[in-house]
Every structure is written in C-alpha cells, then in structure tokens.
Amino acid sequence: MIETDILIIGAGPTGLFTVFEAGLLKLKCHIIDGLPQPGGQLSELYPKKPIFDIPGFPSILAGDLVSNLMEQIKQFQPGFTLNEVADTIDKLEDGTFIVTTNKGTKHHANSVAIAGGLGSFEPRKPQLEKIEFYEQNDRGVEYFVKDPEKFRNKKVVISGGGDSALDWSIFLSNVASSVTLVHRRNEFRGALDSVEKVQELKESGKIKLITPGEIVGFNGKDHIEAVIIETNGETITTETDYFIPLFGLTPKLGPIANWGLEIEKNAIKVDNSLDYQTNIPGIYAIGDVNTYPGKLKLILCGFHEATLMVQSVYQRMNPGKKYVLKYTTVSGVDGFDGTRKEAEKQVVKAID
Ligand SMILES: Cc1cc2nc3c(=O)[nH]c(=O)nc-3n(C[C@H](O)[C@H](O)[C@H](O)COP(=O)(O)OP(=O)(O)OC[C@H]3O[C@@H](n4cnc5c(N)ncnc54)[C@H](O)[C@@H]3O)c2cc1C
C-alpha cells in the first residue's frame with residue numbers, strides 16, 4: 001500500500017505543480033498517470049510546440065515546461081505510479097481514501113486531487129476486421145511502444161502521419177529488422193527535422209515508405225504474419241511481426257466517471273468559490289478536468305486551482321490550525337530531500 005497525504009490523479013502540468021504547492025505546506029504527494037511519462041497533454045500531444053501564455057516565459061516549449069516542473073518538484077520527492085489508470089476509489093470510515101489502479105496497485109491518502117485533464121487517453125483504433133483479436137495477448141497489434149526492446153530484430157509496420165509515427169519509425173529503424181511506414185497521404189504532419197530524417201532513412205533503405213497507403217486487413221492465425229495494404233489502386237501484402245497504428249489518442253473521462261462525482265458535459269463539477277472540492281468531501285478536481293461558471297481550460301488556471309486546493313487539504317489534515325501565508329522569497333523552500341533554497345540575506349547596516 002502506497003501511503004501519502006494527497007493522491008494526485010494525472011501527471012499533467014496541474015498535477016505536477018500541485019506537488020510544489022503542497023510541499024510548501026509540508027504535505028506529501030503521490031501521482032498516478034495512465035501514460036508512461038509525466039506531462040499530460042504537453043508531453044503526449046505537443047511537446048515541441050511553444051506556449052506563449054505562461055507568466056514569466058514569453059515563449060517556452062511544452063516539453064521544456066514539463067522538464068522545468070519536474071525540476072521544481074524534485075525537492076518534494078513525489079512518488080509516481082505511471083502506466084497505470086486509477087480505476088476504483090473507496091472511502092474509509094475515517095474519511096481517507098484507497099485508490100486502486102487497473103494493475104491492482106493500492107494507494108491510501110487523506111485527500112484525492114483529480115487532475116485528470118481530458119481524462120485517460122485512449123488510442124484511436126483503425127476499424128479493421130479481427131483487430132480486437134490481434135490486440136490481445138501479444139498477437140501483434142500494439143498501440144504504444146512501451147518497451148522498444150520488444151521489437152528488436154522483428155519486422156514492424158507502423159501506420160500514421162504525425163510526430164509519433166515519424167519518431168517511432170526513426171527510433172525503431174535501429175532496433176527492428178525492418179520498418180515499414182504506411183500513411184494514407186504523401187504529406188506528414190510532424191516536425192520538419194523528423195520528416196527529413198525519415199526521407200533520409202528511406203533513401204538509405206532503413207525505412208520502407210508506403211504512401212499513399214492504408215492497412216485494410218491482416219494475415220495470420222494466432223499472431224499477425226502480414227498486413228494487407230491498399231496503395232495506388234493496388235493491394236499488396238507485407239510480412240510483419242507487429243503492426244503499430246499511431247493515429248493519436250482520444251480523451252475519455254474513463255473510470256473516474258463511475259466514482260459518484262457530479263459530472264457535467266464530461267467534466268467534474270466543483271465549488272470554485274472556495275477550494276475546488278467535488279460533491280464528495282476530500283475529493284478535489286483541478287485543471288482541465290473540472291467545470292464551474294467561467295471555467296477556462298488553461299495551464300495557468302490549473303496552477304491557480306492547485307494552489308488554493310492544497311490550502312483546503314491542509315485544513316482537512318490540521319483542523320483548527322491557522323496557516324499563515326509566507327512568500328517563498330522570505331521563508332525560502334525546505335525540500336523533503338534536506339535541501340534548502342533561500343534568497344540571499346540582505347546586509348543589515350546601521351546608518352550613522
Ligand atoms: C495542441 C494544444 C495546444 C495547447 N496550447 C496551450 C497554450 O498555449 N496555453 C495553455 O494554457 N494551454 C494550452 N493547451 C491546453 C493545456 O494543454 C491544458 O490546459 C493542460 O494540459 C491541462 O493540464 P492538466 O494537468 O489539467 O491535464 P492534462 O495535461 O490533460 O493531464 C491529465 C493527465 O491525467 C491522466 N489521467 C486522466 N485520467 C486518469 C486516470 N483515471 N488514471 C491515471 N491517469 C489519468 C492523463 O493520462 C493525463 O496525463 C493546449 C492544448 C493542446 C491540445
């Protein structure tokens with residue numbers, strides 16, 4: 001059982017910044033995310049895009065903002081359960097919670113902060129006959145590259161035209177025995193340097209490119225042996241061990257929708273006049289996942305909501321104790337790892 005003060009569901013920017021604000025109040029956090037890496041939409045959807053409305057940063061790449069947040073919270077030693085989806089919640093008699101993931105990991109916390117953004121991302125699946133069969137029990141269809149070693153010396157067909165398809169084709173061209181990239185258009189929507197790299201690898205024979213092309217079926221009894229591709233009015237068969245469709249992710253509120261929370265238009269209703277608490281005391285919802293009059297789905301708003309929310313958790317954990325707000329420039333920051341950050345002391349000198 002993982003024990004923590006605040007269990008945060010979602011490692012997007014809101015969830016990550018919660019760790020910092022909670023740390024200032026000496027509250028410990030643990031984060032669950034269904035994705036293999038932190039950063040939420042910023043890492044998954046637009047890591048190389050610049051953001052222009054983060055206070056103090058005229059421009060910052062989404063991926064760099066995530067790295068900075070990770071650096072900022074390191075001192076508060078958050079725990080992470082990645083690659084696992086928060087599945088069920090139980091409220092105990094003492095008002096604390098146990099959250100269990102789809103892989104059975106149990107977390108016990110005083111309070112739960114749902115920072116689930118647009119929900120748990122689910123891969124967009126191509127509509128192909130028997131695809132559900134090949135998705136299961138390692139039969140050859142994979143929607144994520146969780147461990148590239150799985151594809152070492154294997155034949156791989158990747159389908160898609162965005163950054164993920166390009167990046168994984170490039171990466172796996174050094175791991176797999178063959179990589180075929182199939183896309184229904186000739187144009188790719190990805191970073192220019194990735195498109196150029198794929199072009200180079202195609203010319204050197206390390207990637208086979210089939211455009212315009214579309215996977216229309218499979219061959220293979222217990223495991224995929226080949227994919228059937230329609231290209232330029234022809235139907236061809238390409239032998240493969242794995243088919244990796246990378247068509248992006250669709251957000252779904254997922255299991256949280258069954259937790260008894262008040263939901264409005266796929267978002268969790270909260271009390272924004274006070275602390276972003278849901279209809280269940282001790283469960284908060286912050287960032288893109290919540291709704292209230294005037295709500296804006298912006299990173300900046302998630303940071304603000306996280307800051308107010310942790311004050312409420314502090315009161316829950318320390319009833320009656322008055323918290324006096326201190327500026328970090330004055331109080332410094334004491335990390336749980338023993339580090340201390342503080343502003344240089346001013347020299348006090350008497351004036352004659
Ligand atoms: C292309 C694009 C550009 C954008 N540009 C800007 C911009 O310029 N400025 C700006 O302010 N905003 C921008 N946004 C919006 C911004 O990305 C969101 O407001 C922000 O990501 C919300 O952060 P979050 O932490 O609330 O949620 P998210 O970033 O969505 O993170 C939520 C996380 O929760 C996880 N999760 C959900 N449910 C579960 C569960 N049950 N178990 C485990 N994990 C779960 C998800 O996997 C995800 O990682 C942009 C969005 C997009 C798509």
Side-chain angles (χ1 to χ4, degrees), residues 2 7-21 29-66 69-70 73 79-89 97 99-105 107 112-123 143-144 162-164 189-191 248-259 261 263 266-268 270 276 283-292 295-307 309:
I2 293 165
L7 180 69
I8 302 167
I9 297 166
T14 307
L16 295 179
F17 191 62
T18 305
V19 176
F20 181 80
E21 287 296 332
C29 295
H30 188 94
I31 309 188
I32 306 180
D33 204 297
L35 294 173
Q37 77 286 323
Q41 294 174 50
L42 286 73
S43 302
E44 195 59 39
L45 303 180
Y46 60 106
K48 304 261 168 66
K49 283 207 168 85
I51 308 176
F52 302 109
D53 56 354
I54 302 299
F57 288 95
S59 169
I60 182 163
L61 293 183
D64 289 346
L65 179 61
V66 174
L69 285 164
M70 289 296 284
I73 65 175
F80 285 93
T81 301
L82 295 176
N83 243 330
E84 298 189 28
V85 172
D87 195 22
T88 59
I89 192 162
F97 298 90
V99 172
T100 309
T101 67
N102 59 335
K103 294 195 182 150
T105 314
H107 308 76
V112 174
I114 303 174
L118 304 174
S120 47
F121 291 108
E122 291 184 16
Y143 294 102
F144 294 100
D163 280 316
S164 295
R189 290 181 59 164
L249 301 166
T250 43
K252 293 226 169 75
L253 200 48
I256 292 168
N258 308 318
W259 287 7
L261 300 164
I263 310 258
N266 217 27
I268 303 169
V270 289
Y276 305 97
I283 305 185
Y284 301 78
I286 49 177
D288 275 17
V289 81
N290 74 15
T291 184
Y292 53 83
K295 168 74 186 174
L296 290 178
K297 291 189 178 185
L298 286 174
I299 297 164
L300 160 83
C301 300
F303 289 168
H304 166 79
E305 292 164 11
T307 308
M309 186 274 296

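FYI, side chains are in, hydrogens and waters are out, and symmetry mates aren't considered; it's all heavy atoms of this structure. Whatever order the structure lists them in is the order used to number ligands and atoms, beginning at 1. What you are looking at is a predicted structure, and each value in this text was computed from that prediction instead of being measured.
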How far is [atom] from the closest protein heavy atom, and which atom is that?
atom	result
atom 38 (N) of ligand 1	Ser120 N, 3.4 Å
atom 21 (O) of ligand 1	Leu42 CD1, 3.4 Å
atom 19 (O) of ligand 1	Asp288 OD1, 2.9 Å
atom 9 (N) of ligand 1	Asp53 OD1, 2.9 Å
atom 8 (O) of ligand 1	Ile51 CG2, 3.4 Å
atom 6 (C) of ligand 1	Tyr46 OH, 3.8 Å

Using a 4.0 Å heavy-atom cut-off, say whether [X] meets ligand 1 through its side chain, its backbone, both or neither.
X	answer
Thr101	neither
Leu118	backbone
Ala86	both
Gln41	both
Thr14	both

Take Thr105 and Glu84 through the side-chain hydrogen bond (donor to acceptor under 3.5 Å, both in side chains) test and state the conclusion after the steps.
CA-CA 8 Å; Thr105 314; Glu84 298 189 28; 2.6 Å; yes

Mind checking whether [X] has a heavy atom under 4.0 Å from ligand 1?
X	result
Gly302	no
Glu84	yes
Ala115	yes

Counting only heavy atoms, tell me which of [options] gets closest to [atom].
atom	options	answer
atom 44 (N) of ligand 1	Gly12, Gly117, Pro13, Gly34	Gly34
atom 48 (C) of ligand 1	Ile9, Asp33, Thr81	Asp33
atom 46 (C) of ligand 1	Ala11, Gly10, Gly119	Gly119

Atoms in ligand 1 flagged as close to [X], the criterion being non-hydrogen separation under 4.0 Å:
X	answer
Ile256	41 (N)
Lys297	19 (O)
Leu35	47 (O), 49 (O)
Gly40	29 (O), 31 (O), 48 (C), 49 (O)
Val85	40 (C), 41 (N), 42 (N), 43 (C)
Gly287	26 (O)

Less than 4.5 Å apart, any side-chain heavy atom of [X] and any of [Y]?
X	Y	result
Thr14	Glu305	no
Ile268	Ile263	yes
Lys103	Asp87	no
Trp259	Leu253	no

Report yes if Lys49 has an N/O atom closer than 3.5 Å to an N/O atom of ligand 1; otherwise report no.
no

Would Ile299 count as being in polar contact with ligand 1, using the rule that some N or O on each side must be under 3.5 angstrom apart?
yes

Could you state the interatomic distance from CD1 (Ile299) to CD1 (Ile51), rounded to the nearest 0.5 Å?
4.0 Å

Point-to-point distance, once rounded to the nearest 0.5 Å, from CD1 of Ile73 to OG1 of Thr18:
9.0 Å

Do any N or O atoms from the side chain of His107 and from the backbone of Ile2 form a donor-acceptor pair under 3.5 angstrom?
no

Ignoring hydrogens and angles, tell me if any N or O in the side chain of Asp33 forms a donor-acceptor pair with the backbone of Ala11 under 3.5 Å.
yes

Taking all atoms of both residues into account, what is the closest heavy-atom pair of Ile89 and Phe97, and its distance?
CD1-CD2, 3.8 Å

How about NZ on Lys295, more than 12 heavy atoms from neighbouring residues, nucleotides or ligands closer than 6.0 Å, or not?
yes

